[in-house]
Asker: 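My structure is below; once you've seen it, I'll send some questions.
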Amino acid sequence: MAAEPERIPTTYDPRGVEQRWYQTWLARGYFHAPVDPQRRPFVIMMPLPNITGDLHIGHALNNTLQDVLIRWRRMQGWNSMWMPGTDHASIGTHVVIERELAKEGKTRFDLGREKFLEFTWRWKEKYGGIIYSQLKRMGFSCDWDRVTFTLDPGYADAVTEAFLRLHARGHIYYGQRMINWCPHDLTSVSDLEVEYQEVASTLYHVRYPGADGSDGIVIATQRPETILADVAVAVHPEDTRYRHLVGRQVVVPIVQRVVPVIADPRVDPEFGTGAVKITPGHDPLDNEIGATHGLAAPVVLDERGRMTAEGGAFAGLDRFAARQVVAAELRSRGLVVREEPYTTAVAVCERCKTVLEPYITDQWFVRMADLAAPAIRVVREGKVRFHPERWRKVYLDWMEGIRDWNISRRLWWGHQIPAWHCRDCGEVVVTRQRPDRCPRCGGATLVQEEQILDTWFSSALWPFATLGWPEDTPELRYFYPGNVLVTDRGIIFLWVARMIMFGLEFLGEVPFTDVYIHPTVLTLEGRRMSKSMGTGIDPMEMMDQRGYGADALRFALVVRCSQQQQDLRFSEKMLEDVRNFNNKIWNIARFVRLNLEGFAPTAAPQREALGLIDRWILSRFARTTAEVTGHLESFEFDKAAKAIYDFLWSTYADWYVELAKVDLSGQAGPGRREQVQWTLWRVLEGALRLLHPIMPHITEEIWQLLPHEGESIMLAPWPQPSAQWLDARAEQAVERLIQVIRAIRSLRADMGLAPAAAVAPLLRVADDGRRAELEAFSPYIRALARAGALAFPSPAAAPPARAAAAAVDGVEVLLPVGEAEAERIRHRLARELERVQQDLGRVEARLGSDGFLSRAAAEVVEGERRRREDLLRRRETLARYLASLAAG
RNA sequence: GGGCGAGUGGCUCAGCGGCAGAGCGCCUCCCUUACACGGAGGAGGACGCAGGUUCAAAUCCUGCCUCGCCCACCA
């Protein structure tokens, strides 16, 4: 213990403290979990931040929760391993890098693949590690020795291996398919990377004349520019309006192509005119219908969304310009029957918000049905549990309707697909190394597939590719499967589901047993936090510039992390509240240290040897320990945080410390001081351990200033919720004491008595045992109720004529006051009486009901009876004093 | 179109069949030598609306309203 405790400042400043302890922990290697078969591992794989990422409030929450679990389990004796790393984030990084290039007026194509990759690696070396220092600033106890990047050579090998195995087992196929194409990023994106935006559009009703010169048919479309690629008109088979036209031919306007009218049940007769143009080259549903009917799929838009040569006069026009021009042309030909405003949801690229184009290209897919089946089973069987449980259904619903996964991207930053195209015969060979000869035609010119893999393909391997898979390493054997996955609801499908599928496919075991989905952090107004919109809270700024520190940020987030809500509204004010809590803890510690002079920790004394207040706080602490432990086990972070907060502030500081001052002040009996010192120390030291997973730095700082065993609170054992300290008698006695003190304080305040007023409260207690108990407590009552004297008149003696009175648990609390206060007294008594009367009315109504007596549970009826007794006693007391007041 | 979540004091949220709670804010008093980033005492609520179940409903059921999220190939 440092000397001169009075020089410890009265306010806690986290800044220096936090950095200092983090460096110490790091230097001492506490975060590293070695393979140790003697110990039980507890493993969490960090959801990978992107290399482009900056620590935002969502990361702060997500990782705080993981650190809470990791530190808690570590204290419980598990070998906690928290795997950190970053994701190369292929398309996300492309967007950032290409924005950089655009500043110089360049595109990635100006650089070419090789230069672009060099540029991106350099950029990654420079900025890709920022997130790590930010995670460290928050105090996270990740195993930094194991940090992994998804383009690391070992990781890349695992990705290739996974691809080859999936292909060998028939889960991967290649072919021309219609996919979501981004004309800006020039790549496909998977269905999950599509966003929908409502836009105002026009629904054109366009006449397709009959090939025989008849009226033909009127279709409805929003995309007149794709008319040039029409190959049919379809109607519903049962639509009587058009039945006679099925099998006839109509003429596609402008291009004058003669096409059939076909019948297909996928056409909705309710929509538009009930007749739809079929454009298999530019619409997913039309593509399916076209396939069924054996129709061709002409294409009139190129990869940038411009009309191709097929578009004839419109060639070169952008799709949106073409839409207007084609519509005008149709109008001028008198073929537009009607134009109506129409609101529609268009698919846009999640990254760049460009309207996506259904586009047919060569693509690689994972066939999902076979992979999904076991992943559905493990969740159904409870081998993977979701918290809160409602996400289980969300997961299962999506998995049961799963569609094949487009995994190829026409981008450069990522894992290139291990496949080779024969220049001579077009054969596609899937192998790790370039084959010397084409296995089909013997040709020697084989070039690697240019496309790379969807980032999520590689992140799906995260739980085991980080552990040396596909090698059978000690790490893999020891740390796989992991325990908990903590993430946001936004990536249940993109990431969680795929990790489960791949874990089962490659290791035969689930990658984790519990998935905790935490709320999304929003602004106070319920909007997304966004830097660009200026609605965000920057965690780094809060911690350092604003001086709240990491602990406050962590606690503020955790304490609002409830299972019921899917959102968490957050504001800076909430940090202020926790800052105050930090300061409270700090000052509790200052007080305890000040009073620990001459104290050396000893073994726990016999419970019976301690004072009642000591037994009370130890009992309350034992209960708090059990509560906090239980809440962490069930992922109820808010309740865990609240339980410690309430215990430390409302119980330990507000009551035990105040009561303890009485015993520390001198007059208490021999040995009493030591008992209180022991209890003050024991409970505070234990509470710090309970709090440590949420607020690691301040708890370490204070723990080190107190007597302690071991070199760091990080390594101290988690408090045992031991039943030996549970003490119902002490709890009841001290709760009664508190009630009496509160009653006196309340009466004094209501009577407007100055704090120094020397009015001695009287306690009339009928029960002898109860009176003896309170008499023994009178030093506490005098001190905490600020009463110079205290009297326990005989219940037989006449009460004072004029007194403010309150009745609590068999005790009449009286405050004799002068004539001048009569009105105040009357007011107070009348108000109390009214409340009691109201409660009594309700209780008696209940007890007077046959239905209640015959149907309610016995203990509920018994509870109501006891309550009635208590209310009757209180009413009697209050009424008596009110009456005597009137009489006087 | 379907699914999920939320609606409780001014604000953020607990409570989810048996006495309406917390923190912040507000009011009054207090520098009682750990803390004014504090202490003590208060005020403040038709628990979104309408039905129903039950001896008993903020809590369970049904319908509706508002807000938010997700899923979905109506051109």
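Bear in mind the structure is a predicted one, so any value in this text is a computation, not a measurement. Chain identifiers are assigned alphabetically (A, B, ...) following the order of the sequence lines, protein sequences preceding nucleic acid strands; residue numbering begins at 1 within each chain.
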Asker: Any N or O donor-acceptor pair linking the side chain of A:R560 to the base of B:C13 at under 3.5 Å?
Answerer: no
Asker: Pick out the pairs of N or O atoms, protein on one side and nucleotides 16-18 of chain B on the other, that lie under 3.5 Å.
Answerer:
unit_1 : atom_1 : unit_2 : atom_2 : d
B:G18  : O2'    : A:R846 : NH1    : 3.4

Asker: Could you check whether A:R403 makes a cation-pi contact with A:W398, meaning its NZ or CZ is under 6.0 Å from the centre of the six-membered ring and within 45° of the ring axis?
Answerer: no
Asker: Please determine, for the side chain of A:W649, which listed nucleotide (B:C4, B:G39, B:A34) has the closest atom?
Answerer: B:G39
Asker: Any side-chain N or O of A:Y204 less than 4.0 Å from the OP1 or OP2 oxygen of B:A75?
Answerer: no
Asker: What pairs of nitrogen or oxygen atoms, one from the protein and one from nucleotides 67-69 of chain B, lie under 3.5 Å apart?
Answerer:
unit_1 : atom_1 : unit_2 : atom_2 : d
B:G68  : N2     : A:Q566 : NE2    : 2.6
B:G68  : N3     : A:Q566 : NE2    : 3.4
B:C69  : O2'    : A:R489 : NE     : 3.1

Asker: For RNA chain B, produce a single dot-bracket line, 5' to 3'. Pairs: Watson-Crick or G-U wobble, both distances under 3.5 Å. Symbols: ( ) within strand, [ ] crossing, | other strand, . unpaired.
Answerer: ((((((((.[[[[.)..(..]]]].(((((.......))))).....[[[[[..)....]]]]])))))))....
Asker: Within the pair A:N595 and B:A34, is there a side-chain N or O less than 4.0 Å away from OP1 or OP2?
Answerer: no
Asker: With the side chain of A:R590 defined as its heavy atoms from C-beta on, choose the nearest nucleotide among B:C35, B:G3, B:A40.
Answerer: B:C35
Asker: Which nucleotide, B:C24, B:G41, B:C13, lies nearest any side-chain atom of A:S562?
Answerer: B:C13
Asker: With respect to the side chain of A:N587, which nucleotide from B:A34, B:C13, B:G5 is positioned closest?
Answerer: B:A34
Asker: With a 4.0 Å cut-off on heavy atoms, is A:R786 in touch with a base, just the backbone sugar-phosphate, or nothing at all?
Answerer: base
Asker: Does A:K661 make a cation-pi contact with A:F591, if we ask for NZ or CZ under 6.0 Å from the ring centre and within 45° of the axis?
Answerer: yes
Asker: If you check every side-chain atom of A:V657, which of B:C37, B:A75, B:A34 has the closest atom?
Answerer: B:A34
Asker: Are A:D567 and A:R489 within salt-bridge range, i.e. N to O under 4.0 Å?
Answerer: yes
Asker: Between B:G48 and B:A43, how far is it from one P atom to the other, in whole Å?
Answerer: 24 Å
Asker: Would one find a side-chain N or O of A:S571 under 4.0 angstrom from OP1 or OP2 of B:C11?
Answerer: no
Asker: Return no unless some side-chain N or O of A:K639 is found under 4.0 Å from OP1 or OP2 of B:G15.
Answerer: yes
Asker: Give A:R835 one of three labels, base, sugar-phosphate or nothing, depending on what nucleic acid heavy atoms sit under 4.0 Å from its own.
Answerer: sugar-phosphate
Asker: Can you see if the side chain of A:S849 gets near the phosphate of B:A56 - specifically, an N or O under 4.0 Å from OP1 or OP2?
Answerer: no
Asker: Closest approach to the side chain of A:Y645, judged atom by atom: which nucleotide of B:G23, B:A75, B:G39 is it?
Answerer: B:G23
Asker: Is any NZ, NE, NH1 or NH2 atom of the basic residue among A:E832 and A:R835 found under 4.0 Å from an Asp or Glu carboxylate oxygen of the other?
Answerer: yes
